[in-house]
Amino acid sequence: METPETLRRTPLHAAHHRAGARMVPFGGWDMPVQYQGVKAEHAAVREDAGMFDVSHMGEFRISGPEAETFLQYVTTNDVARLKPGRAQYNWLPGETGGLIDDIYIYRVAADEFLMVVNASNIGKDWAHLQAQVGQYDVQLRDESDAWGLIAVQGPRSEEKLQPHCTVDLSRRTKNSYFAARLLGMDVWLARTGYTGEDGFEVFVAADETEAMWNKLLALGLTPAGLGARDTLRLEAGFPLYGHEFSDTIHPLSSTYTWVVKDKEHLGRAHISSAPQMKLIGLALDKVPVREGYPVLLNGAAVGQITSGSSSPTLGHPIAMALVSAGAADADTYEVEVRGKAHPARRVSLPFYKRP
């Protein structure tokens, strides 16, 4: 059983407490869910710039003459397309079904990559990669404890960071990955994120993370917790591992079919099969719905909610749901909440797209 004493702590744990954050267990970590409130933190990221502690994510270094060949086999996207200094969203498929994890890969050099994995999957992913490395001429190194990671997100991110950065950020496009000095500290920056906004993820040495956090605070960046991160990613239609992805959910149930390229890779056989469920977006007028609530079509259960919340930006409840493939084209459904059915209309994902 997880207790506050057994939960892992990021390098920013003390900083979160000093800021008055409400802490919650998350994937085996003691993490901030909110500071001043989810709506305010959500609005700061949509309208200005906020920052998240994502140091709980895992980082694996993969290097060697066959690093690209190895990654081509264990992932579904085309790693060969990645040039040094570029990043790519990717999947780790299971051998017989579902996903081990959804990940980001950063190409550092021709024969060197950094893989960022979900916090709750660090141990599972590491064991999986070690089991698959076989005869590949590859070195794997778990650097998860060596790095702190801060996600700076929002339309004013570049404006706030540029005066303090040695690199011309305006020339660094989405999915760029590069070394820089930021606020007098050596970092790696990635123009990536998980909120639907522009922004940068700041990789900094673990023992320097709190100093970087405090310097970013001084720039006026708003600390945001897991609550805002979830409403932001839901509005952006981003699947979350453990909700829209898992070891048992067919990955092509999601709308992210583009992540699978025509190549030989682990799990190709099961991914090539047709999914029995499809991910859809739902909008409701009043009643927020949560994970696990039944989705009905003409009174019959056809699936369930995987993520749901009130949308601070749109002003009404939204949700993602997995429904049977044969029922995925309807325009209207109902969602059962405590025994009462509430109307929901199917809408395209994402719910929100940055102007």
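Residues: numbered from 1 along the sequence shown.
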State the [atom1]-[atom2] distance between [X] and [Y], to the nearest 0.5 angstrom.
X    : Y    : atom1 : atom2 : result
S157 : L219 : OG    : CG    : 11.0 Å
I100 : N121 : CD1   : CG    : 8.5 Å
M23  : Q34  : CE    : CD    : 12.0 Å
L71  : Q132 : CG    : CD    : 12.0 Å
W147 : T209 : CH2   : OG1   : 9.5 Å
D101 : N90  : CG    : CG    : 11.0 Å

Hey, is the main chain of [Y] close enough, under 3.5 Å, to the side chain of [X] for a donor-acceptor pair?
X    : Y    : answer
H270 : G94  : yes
T10  : H56  : no
D48  : A44  : no
D53  : S55  : yes
N77  : K261 : no
N118 : S120 : no
R107 : A110 : yes
S253 : M277 : yes
R233 : F238 : yes
S144 : E59  : yes

Locate the shortest heavy-atom distance separating [X] from [Y]; write the atom from each residue and the value.
X    : Y    : value
R8   : D145 : NH2-OD1, 2.8 Å
A224 : E41  : CA-OE1, 3.5 Å
H42  : A228 : N-CB, 3.8 Å
L282 : F351 : O-CE2, 3.5 Å

Inset, instruction - Would you mind checking if R346 and D329 are paired as a salt bridge, meaning a charged N to carboxylate O distance below 4.0 Å? - result: no

Legend entry - Same cluster (ILVMFWY, side-chain, under 4.5 Å), L296 and V337: no

Inset, instruction - State yes or no: do M115 and Y177 share one hydrophobic cluster built from I, L, V, M, F, W and Y residues joined by side-chain heavy-atom distances below 4.5 Å, directly or via other members? - result: no

Residue pair [X] / [Y], side-chain donor-acceptor N/O under 3.5 Å:
X    : Y    : answer
D198 : Q153 : no
R86  : T173 : yes
S254 : E244 : no

Inset, instruction - Among L232, I150, L149, find the residue that satisfies the side-chain contact (heavy atoms from CB on, under 4.5 Å) test when tested with F52. - result: L232

Is the number of heavy atoms from other residues, nucleotides or ligands under 6.0 Å of [X] [atom1] greater than 12?
X    : atom1 : result
R22  : CZ    : no
D168 : CG    : yes
K263 : NZ    : yes

Legend entry - Proximity of Y256 and Y89 rings by center, below 6.0 Å: yes

Legend entry - W188 ring center within less than 6.0 Å of Y106 ring center: no

Inset, instruction - Answer yes or no for R172 and F200: cation-pi contact, defined as NZ/CZ to six-membered ring centre under 6.0 Å and angle to ring axis within 45°. - result: no

